[in-house]
Each structure stands twice: as C-alpha cells, then as structure tokens.
2 protein chains.
Amino acid sequence: MTRRTTLKDIARETGVHVSTVSRALDPQKRGSITEEVVDKIREAAERLDYRPNRIAFSLRKQKSMTIGVMIPDITNMIFPAIVRGIESVMEPLGYAAIIVNTDGNSDREKRLIETLQDRGVDGIIHTAVLRSAPNIVEVAHQGLPVVTLNRKVEEADIPYVINDEEAGIRQIFELLYQAGHRNIAHLSGPPDLSTGLLRQQAFLAVTADYGMARDDLVIEEADRFEEAEGRRCTQAILSRAPETTAVLCANDRLALGAIDHCTRTGVKCPADISITGFNDMAFLDLIPPGLTTVRIEQFEAGAQAARLLAKILDGHADQVPRETVLPVSLKIRNSVAVPRASKS
Amino acid sequence: MTRRTTLKDIARETGVHVSTVSRALDPQKRGSITEEVVDKIREAAERLDYRPNRIAFSLRKQKSMTIGVMIPDITNMIFPAIVRGIESVMEPLGYAAIIVNTDGNSDREKRLIETLQDRGVDGIIHTAVLRSAPNIVEVAHQGLPVVTLNRKVEEADIPYVINDEEAGIRQIFELLYQAGHRNIAHLSGPPDLSTGLLRQQAFLAVTADYGMARDDLVIEEADRFEEAEGRRCTQAILSRAPETTAVLCANDRLALGAIDHCTRTGVKCPADISITGFNDMAFLDLIPPGLTTVRIEQFEAGAQAARLLAKILDGHADQVPRETVLPVSLKIRNSVAVPRASKS
DNA sequence: GTGAAAGCGCTAACAC
DNA sequence: GTGTTAGCGCTTTCAC
C-alpha cells in the first residue's frame, strides 16, 4: 500500500514548516497566513492528494468525530429508519457512527459501551427497548454526552426523545370507541420493554378517562412482540372475555398474530372483531384486511436525537431540552368496523 | 469528564517505566517481564480501571481495528441481516464497523470511501447493487483490503461473495415447468443492478436449456425493485402476451406488485396465474396467497464476506478464494399451481 | 528484564 | 506571518 501523504510531505514540498501547512489548510486559521503561501500549500496538497489523518487529529484533539449508536437489533424493522435519521444529521457534520446491537442483553450492552469508550466516541445515542438501562446512566454520569431514544430516563439528567405513545393509544382507543366499541381488550406488549409499559399505561389512562372500571378491563400481556404471542394472547382474551368486540394491540406484529388467530378460528376481522396495531411497519398495506394502526416517525426520531446530541457536542448542552416528544398519527385501513351488536 | 487513566498513570503508580507497563499489559510480550512486576502492574491497571486508548494504538500501529461496510441502504430489508452477519465475525475479533449508505449514488459512494480511508479503516466490505463500482476497484488497487458482496468484480482481483442466483432461478423455473407451465414470462429487475442482470441472464440460460427460442421469451424490465413497477410490468406482460400462465419475478417486491395487479384486474393467483418471487423477505408468509420464492442466506453471506476479509487482514490473503458462491433454496408456498389450460 | 528515546500525524502555545 | 517546541497515548528499537 502506497503511504498516504502527510503534512510533513507538503512542508518538505513547499519549503515551509508543518505547522504552517496545518494552519494554511485549516479554514479557521487560514487568515493568519500570507495568501500566496496558502495558495502554494493548497496547490501542493491538491497535487499530492493530501487527506488529513483523522486518527492523528483525534489523538491530538481528544475528539474522534465518531458517535456510538446503540440499538437492540438492526434487523428489527424500526431501527434502520432510525439509523438513517441519525446519519442524516451526523454525516454532514463530519461524524461517523459505530452501530452496535445489544440484543437486549445487559452484559453485552455493558461490554459494548466499554468498546465505544475505548474507541473514544464523542457521544452515544442509545435507543433502548429495555426499561432499565443502568449501564448507560453510569457512563453519562462520567461525562460522556448521551441521548436516549424511545426511553425516558428518570434516574439521570439524560435528554430523551420519545414518540407520543400516550397520544397514539388515546387516538386509536377513541377511534374504536366512536365506532361503537365498549368491550375493548388490550393486547399489551411485554411490560419490561419501554414501549410495552408506556402503551399499557396509556391504555389504563384513557379507559379511566372514559369511566371504565379498572377491574373490568381485559388486558393480556405478551412475552415478546411477535406474531405467535399475538395469537396466544388473542385466544386468551377471547376465551376469558367472549364479549370482546375490539382488540387494541400494542404493536403491529401482535395485531397480525391476533388477526391470524381470528381468521383461523373463523372470526372475521373486521366484521366480527376490530383489531388495531401500532408502529405502521412496512408492507402492512399488503396484508389483509389492512391494519388500522398508529404511525410513528422513526426517521425523524433518529434525526431529532442526533440534533440534540450534536448540540451537546457543540457545547450547547444548555439549549437541549430534557424531553422531546414526537407526534404520532392515525393510519386508518380496514381492520376496524362497527361492532356486530350495534350493526343490526 | 474525568480523564481516563493512561499507561503513564500506571507507570507513576508502580514506579516503573511506561514501556514496561505497555509490555506487561501485552499478552504477547508479557513473557519478557518479571512475574511480580507484571502482577504489580496488572493490579494497578485494574485498580485504576485502565482501558487502553485505541486511538493512540491506531496511530502508532497504523491499524484502526475498524472496517468500513458499504451498503446501498440499510432500510432495504435484506441488509440488516447482512450487517449482523458481518458483525458476528468481526466483533469477536475486536473490529468495529462503520456502516455507510451509498443510496446507489456513485458520487456519494466515492465521498464515503474517502471518509472511510481518512478514518483509517483496515478494510472494506462492499455490498453493491450497482453493477459498476469503479470507485471501490480503484481503492482496492491502492492496496486497501476489499471484499464485495452480491457482486462479481471482473476488473480487479477482488474476492467476492455472491448467492447462487443462477441456481435459484433455475430451480424456480423448473418448479413452474414441472407444474405444467410453458408460457413463463420473466419480470426482470433493473439490468443495471447486479441481481437484476444476473437473474435475467439465468432466466435466459435456463429457458435456452429447455429449448425455448429466445425470440419467444416474454421479458419485461422493471426500473426499480418496487411493487409499483411489478404492477406496471405485469400489465405490460399480460397485454403483450395474454397466453402467459406464470410470471417468474426477479424479486419478492416485484412479485407482490404482480399479484396485486392481478387481484385488482380479477385474475386470481394461483388459480389463473402462477407468480414467483426471489429473496424470501420477512412477513411474506402473511401476505396472501403466500408467495413461492427463493430463499437466500443473507446473514451467512455477511458472515462469509467478513471471514474472507478477516483472513486478508490477518495476512493470509493467499488463502482467500476469488469467488464464493452461497447456496439458495426453494421456499414453496401457494402462489404456484397447475396452469388453467392443463387443469380441465 | 527494564529504561530511554523516538515517532505515528497532527495541533497549539509560545516565541520572534 | 511563520518557525519552534511540546505533547496527545501508545509501541518499539536500542541500550545496558
């Protein structure tokens, strides 16, 4: 491999000192150098195809221009969009991202955080699903800039970006309610995942607002956000509460499982039962009957988290709000109808 | 931020020279140090929570322990699995990956390659879709280790990993043929994408083997791998060749578009027409009627490319084969049936 | 077996 | 306006 050209090479070539070359090539300090010298240096830099060595820069400046992005699992379809959102603001700023997958494993997460620190990342964007994330809190306390996504951090003063899960649940509940449903069950996500808990809490809040007694509520908690759990919980719901006319699911995959269970057992959606999702994942429109769901802005959430981190890295931590809540919107398709009883 | 402890700190603490500390902490050279000194140093390192500064290491060793991973777009569902495959072999080896999205844009790709070089990556895994990738060839010629995925590189001596697209097309063609289909159209992908071209070439090859005249073939090229193009091309195929009983599509999204077009126009799949896909993307099983397709091993492709790159980085480029072809398999669902004419 | 010194490529404080 | 010097944290050659 042919050695890359360094400042030293340009200095030798132009007959000036390395530091002069460094200054001439730095837009900030170019002013303090004679114009003709600058030109000479720039010409030589161009000719020798000079590219600054960012590793040397990093060592000297104690700034790697790299951030760490921690996600549970990139194959989970919501994260690629988040990653692109982050990239869309960080890349133009000159930052690269090291993306690591925690697999929701706390030990692994801890190791990965250390790896990121060893590599001198300037900050971390942590998109949690697990509710507890003690590791990242510790590192934030050490002074490393951290922004979390999808997760409120109560323990520490870490800025976080979340979707308005509460509003989403509320809106979709009201959609069902206004369609005439009164027996609305909740197919909840795992309560140890932040979205599972938040959405269940929102369900409790909105039902309370509508005067439903907590004891009358039908809530079934899935162990994982997967179709199989959606099927299992739907069966549980319908055998426990056959009067159920609508199932408000904590995410799309659970809802798809719910629909699948109903279809298999001869219960038609939406004719016999209304089912709703959350997230609005890709290809949902192609899956019958067309799931009515809540759309969340993944790309924008990533971009927003990145903007906050960038502000902190820029020394303006004071301008960064502790909480940022992103709006959600309803995506109405065909899985909600007037309940059977009301129809006749 | 509390400064991290360095070798110097440990040296001061233990009363030995930094170089001794460096040696004591290096498993390779530990042998040349008195055992008790090693213990003393290790104890101090532990106590002060020493973590080596990888940036300093990189500058000194001219080795960043970082690789670049270039993909067209992480939101394209096949890439997350590839990325995890790469990670699964590189992470245990101590390498981190910087993942960049080229968006199939050559200028952008060029810039990103420079960024990666500036950051001193030790190698690049390039998962192309575009057939032409002159930029990466140039960089490989400069001596940077490169492995490509999904793309044969004819021009240079770059090792590549590809799926056995030819076998996939052949198998699915034979499935259709043996079901009785003789009027099999090909809904091709864009020929400027490697998969589009390879699959079309495979289609030409297998039809030739089955004695079909090239002039009789019905091939429609999509501009993009998207549902809308699938719809458009299907319409074109059916109006041009109404006798078509099967459409062999270059990927799943085109096939979904094809099915959608047929459904809308009252042509039932598989009763009236058989349709096949390629890739076996997620959630395909939930979309009616269940697309029969070719399954390719994305995770393993990533892992394999990473293994090759690791071998090169380890100085064993000679052990790396130029070509690696990964097997594919049929995934049979419900979108293929005996053609109408044969049924009666 | 350990210390001293040099240097990876860069920036920055200080001279003049 | 430019050169000198020092140093970021580490590894490595060369002494002894």
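Protein chains get the first letters and strands the later ones, always in sequence-line order, with residue 1 at the start of each. Since we're looking at a predicted model, the values are computed, not measured. Below, all heavy atoms of this structure are taken into account, side chains as well, without hydrogens, waters or symmetry copies.
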Student: Quickly work out the E36(A) CD to dT2(D) C1' distance and round it to whole Å.
Tutor: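 My rounded result for the distance is 13 Å.
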Student: Quick one: is Y50(A) getting a side-chain N or O under 4.0 Å of the dG9(C) phosphate, OP1 or OP2?
Tutor: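 So the side-chain polar atoms of Y50(A) never come under 4.0 Å of the phosphate oxygens OP1 or OP2 of dG9(C).
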Student: For dT11(C), take OP1 and OP2 only and decide whether either is under 4.0 Å from a side-chain N or O of K29(A).
Tutor: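 The answer is no; no side-chain N or O of K29(A) sits under 4.0 Å from OP1 or OP2.
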Student: Take the protein atom NZ of K8(B) and the nucleotide atom C1' of dG7(D), then report the distance between them rounded to whole Å.
Tutor: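 After rounding, the gap between these two atoms is 8 Å.
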Student: With nearest nucleotides of DNA chain C determined for V18(A) and S19(B) from heavy-atom distances, which residue corresponds to the more 5′ nucleotide?
Tutor: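 Its nucleotide being nearer the 5' end, the pick is S19(B).
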Student: Categorize S22(B) for me: base, sugar-phosphate, or nothing, with a 4.0 angstrom heavy-atom threshold over every strand shown.
Tutor: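 If one applies the 4.0 Å heavy-atom cut-off, S22(B) turns out to touch a base.
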Student: Ignoring hydrogens and angles, are the base of dG3(C) and the side chain of R23(B) linked by a donor-acceptor pair under 3.5 Å?
Tutor: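 Per atom types, the contact qualifies.
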Student: How many Å lie between CZ on R12(B) and C1' on dG3(C), as a whole number?
Tutor: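 It works out to 17 Å between those atoms.
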Student: State whether T20(B) places a side-chain N or O below 4.0 Å from either non-bridging phosphate oxygen (OP1 or OP2) of dG3(C).
Tutor: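 So the side-chain polar atoms of T20(B) do come within 4.0 Å of the phosphate oxygens OP1 or OP2 of dG3(C), strictly under.
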Student: Output every pair passing side-chain hydrogen bond (donor to acceptor under 3.5 Å, both in side chains) with a member in residues 24-46 of chain B, not counting sequence neighbours, ordered by first then second residue.
Tutor: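 Sorted pair list: E43(B)-R47(B).
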Student: Check whether any side-chain nitrogen or oxygen of H17(B) sits under 4.0 Å from OP1 or OP2 of dA4(C), and answer yes or no.
Tutor: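 Answer is yes, contact under 4.0 Å.
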Student: dT12(D) C1' sits how many Å from Q28(B) CD, rounded?
Tutor: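 Going from Q28(B) (CD) to dT12(D) (C1'), I get 14 Å.
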Student: Heavy atoms only, 4.0 Å cut-off, all strands: where does T34(B) land among base, sugar-phosphate and nothing?
Tutor: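 Sugar-phosphate contact only.
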Student: N150(B) and T195(B): side-chain donor and acceptor closer than 3.5 Å?
Tutor: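 There is no such pair (donor and acceptor under 3.5 Å, judged by atom type) between the side chains of N150(B) and T195(B).
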Student: Does any donor atom in the side chain of E87(A) or N101(B) lie under 3.5 Å from an acceptor atom in the other side chain?
Tutor: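 Yes, side-chain donor-acceptor contact under 3.5 Å.
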Student: Does K63(A) NZ have over 12 foreign heavy atoms under 6.0 Å away?
Tutor: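 Check passes, neighbour count above 12.
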Student: Between the side chains of R84(A) and S88(A), does any donor sit under 3.5 Å from an acceptor?
Tutor: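 S88(A) and R84(A) do not have a side-chain donor-acceptor pair below 3.5 Å.
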Student: Between N53(A) (CG) and dC8(D) (C1'), how many Å, whole number?
Tutor: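 In whole Å, dC8(D) C1' lies 13 Å from N53(A) CG.
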Student: Closer than 4.0 Å, any side-chain N/O of Q62(B) to the OP1 or OP2 of dG9(C)?
Tutor: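 Checking Q62(B) against dG9(C): at least one side-chain N or O falls below 4.0 Å of OP1 or OP2.
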Student: Would you classify T6(B) as touching base, sugar-phosphate or nothing, given that sugar-phosphate means primed atoms plus P, OP1 and OP2, and contacts are heavy atoms under 4.0 Å?
Tutor: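 Contact class for T6(B): sugar-phosphate only.
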Student: In whole Å, I'd like the distance from the CZ atom of R54(B) to the P atom of dC8(C).
Tutor: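 Roughly 22 Å, once rounded to whole Å.
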Student: Quickly work out the L59(A) CG to dA6(D) C1' distance and round it to whole Å.
Tutor: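 Answer to the nearest Å: 13 Å.
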Student: Just the rounded figure in Å: distance from P of dT12(D) to CD1 of I33(B).
Tutor: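 That distance rounds to 13 Å.
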Student: Just call it for V37(B): base, sugar-phosphate, or nothing, with non-hydrogen atoms closer than 4.0 Å on any strand.
Tutor: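 Since only primed, P, OP1 and OP2 atoms lie under 4.0 Å of V37(B), the category is sugar-phosphate.
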Student: Once you apply a heavy-atom cut-off of 4.0 Å, does K63(A) come out as touching a base, just sugar-phosphate, or nothing?
Tutor: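 No contact.
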